[in-house]
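For reference, the structure discussed in these notes is given below.
Count residues from 1 along the sequence. Treat the numbers as computed from the prediction; the structure is a model and nothing was measured.
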Amino acid sequence: MKIKYYGTAAAEGFPGMFCECATCKRAKESGGRNIRTRSQSAIDDTLLIDICPDTYLHVINHGLDLTKIKSVIITHSHFDHFDKSVLACIGPGMAERAADPLEVYAGESAYHSVVSLGSDRILPHLVRPYKTFMTQGYSVTPLPAMHSPLTDPFNYIISKDGKKMLYGHDTGIYTDEIYDFIKSQDITFDLVSLDCTYGSKPKELCDHHMNFSALTSVVNRLREIGAADKKTVIVANHFSHFCENTYDELVEMTKDTDAVVSFDGMEIEIV
């Protein structure tokens, strides 16, 4: 199983388009991996996670081939993870397409938005918490995310051919209910990708997003219940410039930890 991170920033991008903060200035000056677009990832070039406003940019700059994408899972309906206008571009008059309809899996708000497109080239599916579904050979289990309830947020357990990953964006620290469910599944993840919007910035409440301290607490709890071990790849992803850390700074800060700091275009293969 392979995951590629096409976009690794929070809603405003990194640097923020209208921002004059010192962190954005450092990111612009340094360039490279310090520049982040909005959140989007793909599994094995087949299963896309989120339809963000920068999808076209990912097609042009990072080789995202949407003609190979068969299914999309949506984490929640905030605009930086679900941009309905991108999906509209699959329609007649916008694209020549002979493939089967694109399957889109989402919670209530994004699901109804997809349905409203009325496109026979899209097949929408409503997901429910803890209700596993199969798509393109992947077993996918939605977990309730600790995020804005109005967006119907989900994290996902994704499995195929004995490989298992937890995709945990956007969320705060998990509830006991979620840990209990994961434990009941007798899972040891090969990869855990977690929200780290606030970076190293101290944050008293991590109920909608996390920082490194909160991410570490989630990883430790996963290890306690046997859902992660020393072989599990830990990825910190989804950074806001308000975390006050550029990519280069984050890498330096975390060099003695287990966490891999994501960047746009990063690819990890689970063998």
Side-chain angles (χ1 to χ4, degrees), residues 5-13 37-43 47-58 64 66 69-91 94 101-136 138-158 166-175 177-178 181 193-198 205-210 237-240:
Y5 293 82
Y6 288 98
T8 57
E12 67 280 2
T37 55
R38 270 71 70 89
S39 184
Q40 188 171 49
S41 301
I43 312 297
L47 178 62
L48 191 65
I49 306 176
D50 286 334
I51 292 284
C52 73
D54 295 323
T55 298
Y56 184 72
L57 190 62
H58 298 160
L64 172 60
L66 293 177
I69 297 297
K70 307 300 181 184
S71 297
V72 181
I73 56 177
I74 304 297
T75 57
H76 62 301
S77 60
H78 275 154
F79 81 93
D80 55 318
H81 293 258
F82 174 68
D83 185 345
K84 178 180 172 181
S85 66
V86 174
L87 281 179
C89 293
I90 200 174
M94 303 284 273
L102 180 68
E103 300 200 55
V104 180
Y105 297 82
E108 288 274 0
S109 52
Y111 167 79
H112 290 297
S113 186
V114 174
V115 170
S116 72
L117 287 170
S119 174
D120 60 5
R121 293 185 176 184
I122 301 173
L123 184 57
H125 301 273
L126 180 62
V127 305
R128 299 290 189 188
Y130 307 117
K131 300 297 184 181
T132 300
F133 60 88
M134 297 295 299
T135 182
Q136 310 304 324
Y138 297 91
S139 172
V140 183
T141 305
L143 302 177
M146 305 301 104
H147 201 58
S148 172
L150 294 177
T151 65
D152 305 297
F154 287 103
N155 288 178
Y156 292 97
I157 297 172
I158 304 169
L166 171 62
Y167 194 83
H169 316 281
D170 291 7
T171 189
I173 296 174
Y174 290 142
T175 63
E177 176 186 275
I178 294 173
F181 176 81
S193 186
L194 290 175
D195 188 286
C196 200
T197 301
Y198 301 125
L205 288 177
C206 287
D207 54 350
H208 282 69
H209 286 293
M210 294 194 286
N237 184 41
H238 194 277
F239 295 96
S240 167

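Partners of His76 under the ring pair (Phe, Tyr, Trp, His ring centres under 6.0 Å) rule, at least two apart in sequence or in another chain, are His78, His81, His147. Partners of Arg121 according to the salt bridge (Lys or Arg N to Asp or Glu O under 4.0 Å) rule, which considers only residues two or more places apart in sequence or in another chain, do not exist here. A search for salt bridge (Lys or Arg N to Asp or Glu O under 4.0 Å) contacts involving Asp54 returns Arg38, not counting sequence neighbours. Qualifying ring pair (Phe, Tyr, Trp, His ring centres under 6.0 Å) partners for His125, counting only residues two or more places apart in sequence or in other chains: Tyr105. By the salt bridge (Lys or Arg N to Asp or Glu O under 4.0 Å) test, Glu12 pairs with no residue at all, sequence neighbours left out.
For Ser71 against Thr135, the heavy-atom pair with the smallest separation is OG-OG1, 2.5 Å. Between Asp80 and Ala10, the shortest heavy-atom contact is OD2-C, 3.9 Å. The heavy-atom pair separating Ser109 from Leu150 by the smallest distance is OG-O, 3.7 Å. Closest approach of Cys89 and Met94 over heavy atoms only: O-CB, 3.2 Å. Across all their heavy atoms, Thr55 and Cys52 have their closest contact at OG1-O, 2.7 Å. Of all heavy-atom pairs between Ala110 and Ile74, the closest is CB-CG2, 4.1 Å.
Taken to the nearest 0.5 Å, the CD1 atom of Ile178 stands 6.0 Å off from the CG atom of Leu143. In this structure, CD1 in Ile90 is found 5.5 Å from CD1 in Ile122, a value given to the nearest 0.5 Å. Taking OG of Ser39 as the reference point, atom OH of Tyr6 lies at 13.5 Å (rounded to 0.5 Å). Within the model, atoms OH of Tyr56 and CG of Leu66 stand 11.0 Å from one another, a figure rounded to the nearest 0.5 Å. Atom CG of Leu102 sits about 8.0 Å away from atom CG of Leu48, to the nearest 0.5 Å.
Side chain of Ser116 to main chain of Ser113: a donor-acceptor pair is present (N/O by atom type, distance under 3.5 Å, no hydrogens or angles). A donor-acceptor pair is defined here as one N or O able to donate and one able to accept, closer than 3.5 Å; no such pair exists between the side chain of Glu103 and the backbone of Leu123. Looking at Asp195, its side chain does come within 3.5 Å of a backbone N or O of Met210 through a donor-acceptor pair. Using a distance-only test at 3.5 Å, with no hydrogens or angles considered, a donor-acceptor pair links the side chain of Thr171 to the main chain of Met146.
For the residue pair His169 and Ser193, a side-chain donor N or O sits within less than 3.5 Å of a side-chain acceptor on the partner. If you check the side chains of Thr141 and Thr132, you find a donor sitting under 3.5 Å from an acceptor.
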Kindly indicate, with the supporting measurements, whether the criterion side-chain contact (heavy atoms from CB on, under 4.5 Å) is fulfilled by Val127 and Ile73.
CA-CA 9 Å; Val127 305; Ile73 56 177; over 6 Å; no
Just do the side-chain contact (heavy atoms from CB on, under 4.5 Å) check on Thr37 and His58 with the steps written out, would you?
CA-CA 9 Å; Thr37 55; His58 298 160; 2.7 Å; yes
For the pair Tyr174 and Asn155, evaluate side-chain contact (heavy atoms from CB on, under 4.5 Å) and give the outcome as yes or no after the intermediate values.
CA-CA 10 Å; Tyr174 290 142; Asn155 288 178; 2.6 Å; yes
Pair Tyr198, Ser240 - check side-chain contact (heavy atoms from CB on, under 4.5 Å), show working.
CA-CA 6 Å; Tyr198 301 125; Ser240 167; 5.9 Å; no
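Pairs passing the salt bridge (Lys or Arg N to Asp or Glu O under 4.0 Å) check and including a residue from residues 140-154, sequence neighbours excluded, do not occur.
Using the six-membered ring where Trp is involved, Tyr156 and Phe154 have ring planes that are tilted, between 30° and 60° apart.
No side-chain heavy atom of Lys70 sits under 4.5 Å from any side-chain heavy atom of Tyr138.
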